[in-house]
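All chains are named by letter (A, B, ...) in the order of the sequence lines, taking the proteins before the strands, and each is independently numbered beginning at 1.
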Amino acid sequence: METPHSIIATDCGSTTTKAILIEEHGGEYRLVARGEAPTTVEAPAEDVTLGVRNAIAELSELIGRPLLDSQRSIIKPYDGRQGVDMYLSTSSAGGGLQMVVAGVVRQMSAASAQKAALGAGAVVMEAFAANDRRLPHEKTELIRHLRPDMVLLAGGIDGGTKKHVIELAQLFAAADARPRLGSSYLLPIIYAGNAEARDEVREILQDKVALEIVDNLRPTLEAENLRPARMKIQEQFLEHVMAHAPGYPNLIAMADRPIMPTPAAVGAIIQRIAAKYKANVVGIDIGGATTDVFSVFSGVYNRTVSANYGMSYSISNVLSEAGVDNVKRWVPFDIADNALRNSLKNKMIRPTSIPYTKEDLQLEQALCREALRLSFEQHCLLATGLKGVQKQADIGAMFDQDGGEGSLVDLLALDMIIGSGGVLSHAPKREQAALMMLDAFLPEGVTRLAVDSIFMMPQLGVLGEVYPDIATAVFEKDCLVALGTSVAPVGPGKAGRTVLTGKIGDEHVDLKYGELKLLPLEDGKTAYAELQPARGLDVGAGRGRLWKGELSGGCVGILLDGRGRRPFGWASAPEQRLDQVRRWAEAAKA
Amino acid sequence: MGNAYVPGLKVLEHTTLHLERRLPLKGRVEVRLGDRVTHDQIVARTELPGRVEMINVAARLGIDAADVPAHMLCQSGDSVQQGQEIARSHGFFGLFKDSLTAPISGTLESVSSVSGQAVLRAPAHTVSITAYVDGEVSEILGDEGVIVTAGGALVQGIFGVGGESAGPLRCLASDPEAVLLPEQLLPEHRGCIVVGGSLVTLPVLRRAVELGINGLVVGGIDDGVLRDFLGYDLGVAVTGSEDLGLTLIITEGFGPIAMAQRTFGLLKKHEGDLASISGATQIRAGVIRPEIVIPCDAPAGEEGGGSAEPELAVGTLVRLIREPHFGALARVRSLPIDLAEIPTGAKVRVAEVELLDGSSLRIPGANLEIIAE
């Protein structure tokens, strides 16, 4: 396959379709231009390709080269004067891929099914389990009401008991549910449970649903095999779901490779980066309605989606879940509860409006911290090891409460956080994005912070499926904006006491508890550091042990965070908190 | 600026509405093409499948799952009555027989020899939809519903709660800034759609429910009041199914905000006329706004319109939808191409607008709502 010179990739989001043009110049692939247009999946247009063509037309205007012909088709190949060589796309328009999953035991096969669906880029509307205590008629009514795009049915290890997974199949047969995008086709159900129950499941479901059978996603208690289910979900997404969405058959025909669900593409690029640098990475994409969190720890990938945490459509839900006090603690000015509530609700009902005053911006950024925090907490809860694994108990294990089933997210081992989404990528100052991420994730030890410059991770994810080297090169040069590195000692502290000493480059460090300090260090530069945490504190090398290594710079610099971890050092009185928040913002130049 | 602004909510003196009245499942259409229909007339109905009861026969009779079909006293497809014996164990030498009765009336749907379960389905129940507005059936949507076409005034709100309702309009506010008082609501307003001014309070909402008022239309509401009225904090703006005793439509937003003069004037003009209202709001892809429809004839010389989305251009009348000038009306003076810095420090596309007092401002296009003139 000849490597293309010029590639267009689009991401069809719920509200905006974003197109990027990547080209090779002097042996190097770079982002050339970016165009966008409103997504046209809804009435009156009801044809997603219209928005795609509009976004490409904007690209064409920006570079001054024809990319569409008189029929508004993409000109291919590039002939030196017009056109491109390849067109790719991702999509989350029309609500993305909405799934229901089911398994026999909530913490085991249902949890594995949920992971498979999330990893394939779905929003999981509901997870059913044989042991979830809801009555059968409640479940059937809920299934019918939800009208998912697809169902993933799992349960039972291969060769194990069949009874419960067959009961689940009967439940879906009884529900007689219709898919979201119309009653003209059958609901796709993917069966990925006990291989020995396939015949019975087929008999129960085959006339009522569009049944597909793949390998068991939990063939033994000790192992997960999510790939076959994930691949089948993505295949069905194209064949069933997208084929029934307005204009998608045309989009599928236009693209040179299969359309990927947006989150699956973002997950793909994050995994690629984590593998390349052998790093533990957390990526977060905060949108208007939902927030996706991706993590790779020791090579294990997890993705979660917080369906109702976001900065516009779901802003009110964040307020409701976090509580007024938790949002208010990040606001650097006095505001009455009622005014805060009304202001955020007004954003909810006019979701595309943007903050105009500084106070309005600060309010939205306060809310963003809570949205990120809540989404990340959900991720930590769901990104766990396999439950139900039988282990040989030894003395160590008997004292280990975690038992290997705890969260895989280990903040001290985390190397990098990548933030994406308008509120982070388009924050008026990069320092504000860095502080929002620092406050929300409370990274521990030494952690690099970065943002996606213009939200192009989805397009690079789908590109990476075909040309991984091009995608990685563009990601590093044009997508990722390095903000810098956060250094945060973990452990208890007291106001005014030194928590960290040492040297960063030529600078001496003396960080007091409660302080936040910013040391400038440009993007592309590193500084050798020797950091000594106070007794009982850990900065990544163990309690009280010296940390040595290189710190990476960025457009913000090195953020020395002495505000405390486990617990974070909030003042108890509201007026003191106000003072804290103002001081921190000033220190970070946010 | 393309579509980088908020399309304004519709406030139309007269337009032709084509309202889709669709069943959740295929069913039966009760009217014919061209029929005149009233707002409360049923236009289509369907049978929703009944609830399902799954009975673990094997466990209840203490037998193997494989033996369950042999112990059933009725077959798949049979109708059963609540309390009817549907399965019986053979017992021990004919003694100690256990029997199982149907927990609901319905149909035996299936019996499994693997799970040992029997599935019983209750009879279907009927769901019907009404015409919602007085109008004419202009299209039949197969077995799924109809399109009702009606001419009339249309006011879209920004947010609402509660479902569809109808009643004569009663404008109780003296002006768009007025705050409705509980004592203004009287027993004679039962069944009416009451129009207030800038704010609705909890005592007003409670009194309206008590008096059987069908709907309230006001400029603003405090979020705390909405929470107390709903009984929970609204997280996601997908509404319309609440059972609150009335339908509430907010035309401007949260907080005390005077109702737009044009909206207030139009509603006042139709004092006493029958209005159909819906509080259903969905602020997501496929946005749905609450609405007030007042069937009426087109004024002489005026054609039904409002279908084309207006574009933001020099001279367009707009409303500012973000602080610090929330609600202010202005006219677009120019639309600079270059990005401009706003007080937050962000650089965005702006419109230069002139407020009605003559002062001029640079406002992000995203913070402007077009007022149809």
(request) Check for a donor-acceptor pair, side chain of A:T357 on one end and backbone N or O of B:E323 on the other, with a separation under 3.5 Å. (result) no

(request) Check whether any side-chain N or O of B:N367 sits under 3.5 Å from a backbone N or O of A:Y356 as a donor-acceptor pair, and report yes or no. (result) no

Identify which part of [X] has an atom lying under 4.5 Å from any heavy atom of chain A, answering side chain, backbone, both or neither.
| X | result |
| --- | --- |
| B:V348 | side chain |
| B:I221 | backbone |
| B:A65 | neither |
| B:Y232 | neither |
| B:V114 | both |

Among [options], which residue has the highest count of heavy-atom pairs closer than 4.5 Å to chain B?
| options | answer |
| --- | --- |
| A:T140, A:L135, A:N338 | A:N338 |
| A:N317, A:L361, A:I354, A:L344 | A:I354 |
| A:K139, A:K358, A:R144 | A:R144 |
| A:A289, A:P355, A:A427 | A:P355 |
| A:G288, A:A169, A:S320 | A:S320 |

Side chain from CB out, backbone as N, CA, C, O: work out which of these in [X] comes under 4.5 Å of a heavy atom of chain B, or both, or neither.
| X | value |
| --- | --- |
| A:N346 | both |
| A:L171 | both |
| A:E364 | side chain |

Within a strict 4.5 Å, meaning less than it, do heavy atoms of the [X] and [Y] side chains meet?
| X | Y | result |
| --- | --- | --- |
| A:E321 | B:D233 | no |
| A:K163 | B:Q117 | no |
| A:Y313 | B:V236 | no |

(request) Determine the option with the most heavy-atom pairs under 4.5 angstrom with chain A, choosing from B:K347, B:E53, B:R121. (result)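 Sorted descending by pairs with chain A, the first entry is B:R121.
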
(message) Tell me which of these, B:G116, B:P324, B:A58, has more heavy-atom pairs under 4.5 Å with chain A than the rest.
(response)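 Among B:G116, B:P324, B:A58, the one with the most close pairs to chain A is B:P324.
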
Mind checking the [atom1]-[atom2] spacing from [X] to [Y]? Nearest 0.5 Å is all I need.
| X | Y | atom1 | atom2 | answer |
| --- | --- | --- | --- | --- |
| A:K345 | B:F159 | NZ | CZ | 8.0 Å |
| A:E359 | B:T344 | CD | OG1 | 11.0 Å |
| A:S316 | B:D223 | OG | CG | 6.0 Å |

If you compare all heavy atoms of [X] against all heavy atoms of [Y], which two are closest, and at what distance to 0.1 Å?
| X | Y | value |
| --- | --- | --- |
| A:S353 | B:I321 | CB-CD1, 4.2 Å |
| B:G253 | A:R350 | CA-NH1, 4.4 Å |
| B:A346 | A:P428 | N-CB, 3.7 Å |

Exceeds 12 heavy-atom contacts within 6.0 angstrom, atom [atom1] of [X]:
| X | atom1 | value |
| --- | --- | --- |
| A:Q206 | CD | yes |
| A:K589 | NZ | no |
| B:R60 | CZ | no |

(request) For A:R341 and B:L226, run side chain to side chain contact (heavy atoms under 4.5 Å, CB included): C-alpha distance rounded to whole Å, both residues' side-chain angles, the deciding distance at 0.1 Å, then the answer. (result) CA-CA 11 Å; A:R341 296 181 69 97; B:L226 178 70; over 6 Å; no

(request) Compute whether any side-chain donor of one residue and acceptor of the other, for B:D222 and A:N342, lie under 3.5 angstrom apart. (result)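 Yes.
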
(message) Can you tell me which residue among A:Q170, A:E200, A:E167 is in a side-chain hydrogen bond (donor to acceptor under 3.5 Å, both in side chains) with B:S115?
(response)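 Going through A:Q170, A:E200, A:E167 one by one, the side-chain hydrogen bond (donor to acceptor under 3.5 Å, both in side chains) with B:S115 is satisfied by A:Q170 alone.
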
